[in-house]
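What follows is one structure encoded as structure tokens, with my remarks underneath.
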Amino acid sequence: MPIATSLAGIFFALASAVVWGGADFSGGFATRRDSQYQVLVLSAFSGLVLLGVAGLIQREAFPSLGGIAWSIAAGVTGGLGIAALYRALSIAPAAVIAPTAGVIGAVLPVLFSGFTQGLPPATTQLGFGMAFVGLWVVAGGSAVTTPASRQGFLLACLAGVGFGGFFTSLAQIGGELLFTPLVITRAVTLLTGLSLLRLVRLPLPSLSSNPAALLAGLLDAGGNLLYISALRYIRLDIAAVLGSLYPASTVLLAALLLKERISPRQGLGVLVCLGAVVLITI
């Protein structure tokens, strides 16, 4: 694979991590006002509108039946992952939740790629290991001791499984299509959110009730576009690991926008993540 092509894929994957970090930050902020399920519905709706308009402008065709099936699978797993993440963020520290979901979400695609495509070069494998360590260091060593934090940790694990399924399912669509597979995915996520709302008997939120949730949906859709673009150029495991560095982005955004102090341990974790990026790029 040409170096320029690989670098393009790495750029898209890293950009998806930055944008997803913003979506995580916005979604966590939105859950302070509404239920995580209401936030899921609002974010899925705004993302669906963005992707739908873009698909119409580009006049993009729909994927094959197999592509539609994988898009649906991505929508279900991604929707459940987001719902679990928002619930976890509402009851436990984000410093525990985001890195846990990020690590588990990256492990599954790495294992899948190892079985289907073989192992990547040794430097890339070392980069994967550094990325996992860096994400955990970003967590700041927060303890999982209270019932709420234990429940949040389990939900974060569930979110990671959902994200791993999302990463892997999108990679199976293939082809040059960009918007329409994600339109299907986002529509399924919206239906999943509506079903969860009905299950827990919560009212449908109004579009003006939580702007942060709408912003989270737009950013999440943007991250999805960048991730699926990265898959055109690089392996699934590399794209998934780089995209899963979003907790580092969330920490930096909190420091910039909310003036939250980055602890020395978290700063070290971000540096380790950057070192992982260098190894993966090599």
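All values reported here derive from a predicted model rather than from experimental measurement.
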Distance-only, no hydrogens or angles: does the [X] side chain make a donor-acceptor pair with backbone N or O of [Y] under 3.5 Å?
X: Q117; Y: R235; value: no
X: R198; Y: P203; value: no
X: D220; Y: A23; value: no
X: Q38; Y: P205; value: no
X: Y246; Y: V19; value: no

Kindly list each side-chain donor-acceptor pair under 3.5 angstrom involving residues 154-164, sequence neighbours excluded, with atom names and distances?
none

Take L196 and Q36 through the test side-chain contact (heavy atoms from CB on, under 4.5 Å) and record every step on the way to the result. CA-CA 10 Å; L196 290 170; Q36 69 274 10; over 6 Å; no

Any chain of hydrophobic side-chain contacts (each under 4.5 Å) joining I228 to V188? no

Tell me, with the steps shown, if F179 and R59 meet side-chain contact (heavy atoms from CB on, under 4.5 Å). CA-CA 10 Å; F179 297 104; R59 297 183 179 180; over 6 Å; no

Output side-chain donor-acceptor pairs under 3.5 Å for residues 42-56, partner residues at least two apart or in another chain, one line each.
| residue | atom | partner | partner atom | Å |
| --- | --- | --- | --- | --- |
| S43 | OG | V39 | O | 3.0 |
| S43 | OG | L40 | O | 3.0 |
| S46 | OG | L42 | O | 3.4 |
| S46 | OG | S43 | O | 3.1 |
| S46 | OG | L214 | O | 2.8 |

Answer yes if the side chains of E60 and T180 hold a donor-acceptor pair under 3.5 Å, and no otherwise.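 Yes.
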
Kindly assign one of parallel, tilted or perpendicular to the pair F29 and F25, based on the angle between their ring planes and the thresholds 30° and 60°.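 Aromatic pair F29/F25 classed parallel.
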
Using the ring of each side chain (for Trp, its six-membered ring), is F166 parallel, tilted or perpendicular to W20, with breaks at 30° and 60°? perpendicular

Give me the one residue out of F12, F11, F167 that meets ring-ring contact (aromatic ring centres under 6.0 Å, His included) with Y227. F167

Could you walk me through whether D24 and L85 pass side-chain contact (heavy atoms from CB on, under 4.5 Å), step by step? CA-CA 9 Å; D24 189 7; L85 177 67; 3.9 Å; yes

